[in-house]
Structures are given as C-alpha cells and as structure tokens.
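Below: one structure, written as structure tokens.
In this text the structure is predicted, and so the values were computed from the model without any measurement.
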Amino acid sequence: MNAEFLPQRIQQLVKNNQYKHDQYQDLIRDGGYMPPNEELIIDAVTALSMGKNILLKGPTGAGKTKFAETLSSLFQQPMFSVNCSVDLDAESLMGFKTLSYENDKQTIDFVPGPVTNSMKHGTFLYIDEINMAKPETLPLINGVLDYRRTITNPFTNEIITAEEQFGVIAAINEGYIGTVPLNEALKNRFIVIDVPYIQGDQLNKLITNSTKLVDETLINLYVTLSKDLITAVEQGKLSEDAASIRALLDACDLTTFIPPKRAILRSIIDKLDEDREKAFVQNLADTLFD
C-alpha cells in the first residue's frame with residue numbers, strides 16, 4: 001500500500017520514517033484498511049512518526065488488525081504480533097530458554113519472543129486484544145511503552161533498549177467477554193484512536209476490493225444489511241459479533257457460490273448464541289434477500 005491518498009505533509013512524514021530492513025520482509029503486511037475518514041490514518045501515522053504508541057479501540061470486526069497491517073505497509077515496517085489471552089506470560093512476550101547441542105555438548109539457548117525481536121530489530125509490535133491479558137502480566141512491558149523504551153529480560157538479565165524505528169500498536173475490544181479494563185498507568189502510555197465500523201461507500205469499496213463478489217446489486221444489499229446490523233447493535237438489540245465486518249466479508253465471499261441467506265446463516269447467524277438474536281438477523285436477511 002502507498003501513501004498517495006494522504007496529504008502531502010503526511011506522505012513526507014511516512015517517507016521520512018521508513019527504514020529499509022534486511023530481515024523479516026515477510027512480516028511487512030499488505031494493508032488494505034479503508035478508513036471511514038482519512039483522519040484516522042493521518043493521526044495514527046503522526047503518532048507513530050513521533051515515537052508514540054497507539055491504541056486502536058473499537059468493536060470486534062471493525063478492522064483494527066487490518067488498520068495495523070496498513071500502517072505496517074505504509075511505513076514498510078515488519079510487524080511482530082502478540083495475541084493476548086489469560087494464558088499470556090513472560091515467555092510469550094520475551095522468549096524462552098531451550099536445550100540444544102553443540103559439538104556433542106549440551107547448551108542452553110534463548111529463543112527470542114516478539115517483544116525482544118521487535119525491540120532489537122526496530123520493527124513494529126502489534127499487541128492484539130491487550131485487555132484480554134491478565135493485569136499482572138502487562139506491567140512487565142511498561143518500560144517498553146514509555147520514554148525509556150527499555151526492558152530487562154527476566155530470563156537472561158539482558159537490558160534491551162529498543163532501536164529507533166521500534167513502535168507499538170495495540171488493539172482492544174471494550175466490554176467484550178473475557179476482557180478487563182486497562183489500568184490508567186497502561187492506558188496513559190498510548191494515543192487512543194477510536195476505530196468505528198466502516199459503512200456506506202467505504203464498505204462498498206471494501207467488499208469490491210476484498211471479496212470475490214462482483215454483483216453490484218448484491219454488494220449494495222450487503223452494505224444495507226451491515227447498516228441495519230450496526231444500528232441494532234447500537235440499540236442494544238444485538239451483540240457486537242453480529243455486526244462484524246469480517247463476518248460480513250465472509251458472507252460476501254460465500255455468496256459467489258451459495259445463496260446469500262445461507263451465506264449469512266453460516267457466516268453471521270450461526271455464530272450468535274441467543275435464539276432471539278439469530279431470529280432477528282434471519283428476519284433482516286429474509287427482508288433484504290429473496
């Protein structure tokens with residue numbers, strides 16, 4: 001992805017902060033995020049260029065991961081990833097020790113984790129669903145996220161200071177099952193960017209560019225379906241899962257081979273837990289698709 005759609009001064013900011021990496025070219029993502037307004041990209045680019053961490057906040061399926069991948073593409077920055085869960089521990093972040101053999105002698109090697117790799121090589125670090133991690137785990141990387149950009153590896157006692165191009169992008173789904181509120185000390189280390197669902201023309205373009213569906217009539221119907229689902233979520237009639245853009249794109253792909261209502265059933269309805277919500281979405285599908 002290039003930066004041509006951005007204002008000239010932001011294009012220059014991107015260019016000034018690009019860095020040629022000899023390693024990990026396969027970790028430079030393809031991008032493809034289409035923001036509801038360009039200010040989202042401009043603000044994220046500006047913050048990262050100034051060495052700030054950014055926190056992408058929004059509902060599930062709104063495109064936060066694709067947003068992060070687009071930033072990786074714009075800056076031509078490899079991006080290591082951490083997927084948070086209640087099982088996340090120091091080894092998942094920093095790496096682990098393992099036994100190996102050299103000249104028939106047993107040795108102990110350290111295999112670096114995503115935090116160690118991204119700091120040492122000056123790449124982006126993407127922390128997905130950061131509020132899924134146990135509160136006692138994340139303070140380990142507080143020093144990584146503030147002006148120090150330094151951490152002591154608890155397994156090797158090595159003091160690691162991040163290379164200049166290192167940057168952190170995190171994402172959260174607030175209020176999602178299994179999440180915990182971020183403490184203020186952690187939240188204050190981020191610039192927060194609210195990522196809403198994309199709708200209207202942007203969603204039409206995303207479906208056209210990201211799925212195999214080419215029928216303009218069907219694409220417009222899916223845009224309408226998405227709008228109705230988002231409205232229902234905002235009114236408290238549906239959970240956020242129902243309005244996932246990711247799930248909608250899956251339905252669009254399936255529609256190239258199976259009827260739309262069955263594609264919606266497989267991609268959206270069957271993922272819901274409550275019969276009331278399933279019936280609601282089914283009714284929307286029956287209304288829009290013959």
Side-chain angles (χ1 to χ4, degrees), residues 10 13-14 16-19 21 24 27 40-58 64-65 67-72 74-75 77-96 110 112-174 179-195:
I10 303 299
L13 201 57
V14 170
N16 291 345
N17 286 276
Q18 287 180 336
Y19 179 77
H21 287 269
Y24 306 116
L27 294 182
L40 292 176
I41 295 288
I42 291 172
D43 295 352
V45 165
T46 301
L48 287 171
S49 297
M50 299 178 71
K52 312 289 187 183
N53 312 308
I54 63 171
L55 178 66
L56 306 178
K57 182 180 71 171
K64 297 184 293 297
T65 299
F67 193 158
E69 291 176 348
T70 297
L71 293 169
S72 167
L74 284 171
F75 284 100
Q77 270 278 54
M79 188 167 71
F80 288 91
S81 297
V82 174
N83 295 308
C84 294
S85 71
V86 294
D87 298 321
L88 185 75
D89 56 17
E91 287 189 344
S92 303
L93 296 169
M94 300 303 302
F96 57 92
F110 180 75
V115 173
T116 306
N117 271 323
S118 57
M119 291 180 72
K120 285 190 170 184
H121 296 284
T123 72
F124 283 164
L125 174 67
Y126 180 55
I127 309 176
D128 193 19
E129 298 188 16
I130 191 171
N131 55 340
M132 291 282 285
K134 292 180 293 187
E136 59 266 28
T137 302
L138 293 177
L140 173 69
I141 60 172
N142 276 354
V144 176
L145 299 171
D146 64 21
Y147 69 94
R148 294 169 291 178
R149 286 294 198 259
T150 299
I151 192 172
T152 300
N153 188 331
F155 304 105
T156 64
N157 289 325
E158 177 188 11
I159 298 175
I160 305 170
T161 299
E163 292 295 317
E164 186 177 355
Q165 283 74 29
F166 172 73
V168 178
I169 305 168
I172 60 171
N173 299 317
E174 285 192 316
T179 62
V180 295
L182 291 185
N183 65 58
E184 290 303 315
L186 185 61
K187 188 178 292 186
N188 285 337
R189 285 170 163 81
F190 289 97
I191 300 296
V192 178
I193 297 178
D194 206 335
V195 183

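One finds the CZ atom of Arg148 at 10.5 Å from the OG1 atom of Thr161 (value rounded to the nearest 0.5 Å). Here Glu163 contributes atom CD and Tyr19 contributes atom OH; the two are 7.0 Å apart, rounded to the nearest 0.5 Å. Taken from NE2 in His21 to CD in Gln77, the straight-line distance is 3.5 Å, to the nearest 0.5 Å. For the atom pair CG (Asp146) and CG (Asn188), the distance works out to 11.5 Å, reported to the nearest 0.5 Å. Interatomic distance, OG of Ser85 versus CG of Asp128, reported as 11.0 Å (0.5 Å rounding). Rounded to the nearest 0.5 Å, atoms CG (Leu140) and OG (Ser92) are 11.0 Å apart.
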Ile54 and Phe67: CA distance, side-chain angles, deciding distance, side chain to side chain contact (heavy atoms under 4.5 Å, CB included) verdict: CA-CA 11 Å; Ile54 63 171; Phe67 193 158; 5.6 Å; no

Residue pair Ile10, Ile41: steps toward the side chain to side chain contact (heavy atoms under 4.5 Å, CB included) verdict: CA-CA 10 Å; Ile10 303 299; Ile41 295 288; over 6 Å; no

Asn17 and Leu48: CA distance, side-chain angles, deciding distance, side chain to side chain contact (heavy atoms under 4.5 Å, CB included) verdict: CA-CA 9 Å; Asn17 286 276; Leu48 287 171; over 6 Å; no

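In this structure, the side chains of Ile172 and Lys57 come closer than 4.5 Å at one or more pairs of heavy atoms. At a threshold of 4.5 Å between non-hydrogen side-chain atoms, the residues Glu158 and Lys120 count as touching. Two residues are said to be in side-chain contact when any heavy atoms from C-beta on lie closer than 4.5 Å; Leu27 and Phe124 fail this criterion. A heavy-atom distance below 4.5 Å is found between the side chains of Lys64 and Asn173. Side-chain contact between Met94 and Ile151 is present, with heavy atoms from C-beta onward closer than 4.5 Å. When side chains are defined from C-beta on, Ile191 does not count as touching Met50, because their heavy atoms never get closer than 4.5 Å. Using a 4.5 Å heavy-atom cutoff, the side chains of Phe155 and Glu91 are in contact.
Scanning all heavy atoms of the two residues, the minimum distance from Leu125 to Val82 falls at CD1-CG2, 4.0 Å. Considering all non-hydrogen atoms of both residues, Gly58 and Asp194 come closest at CA-OD1, 4.4 Å. Residues Ala170 and Phe190 share a closest heavy-atom pair of CB-CE2, 3.7 Å. In terms of heavy atoms, Arg149 sits closest to Met119 at O-CE, 3.5 Å. Nearest heavy atoms, Ser81 versus Pro114: O-CB, 3.7 Å.
Residues satisfying the ring pair (Phe, Tyr, Trp, His ring centres under 6.0 Å) test with Phe80, not counting sequence neighbours, are Tyr24. Considering only residues two or more places apart in sequence or on other chains, Tyr126 meets the ring pair (Phe, Tyr, Trp, His ring centres under 6.0 Å) condition with none of them.
Neither side chain, Ser118 nor Thr123, offers a donor N or O lying under 3.5 Å from an acceptor on the other. A donor-acceptor contact closer than 3.5 angstrom is absent between the side chains of Asp43 and Thr46.
A side chain to side chain contact (heavy atoms under 4.5 Å, CB included) with Arg189 is found for exactly one of Asn142, Val144, Ile141, Val168, namely Asn142.
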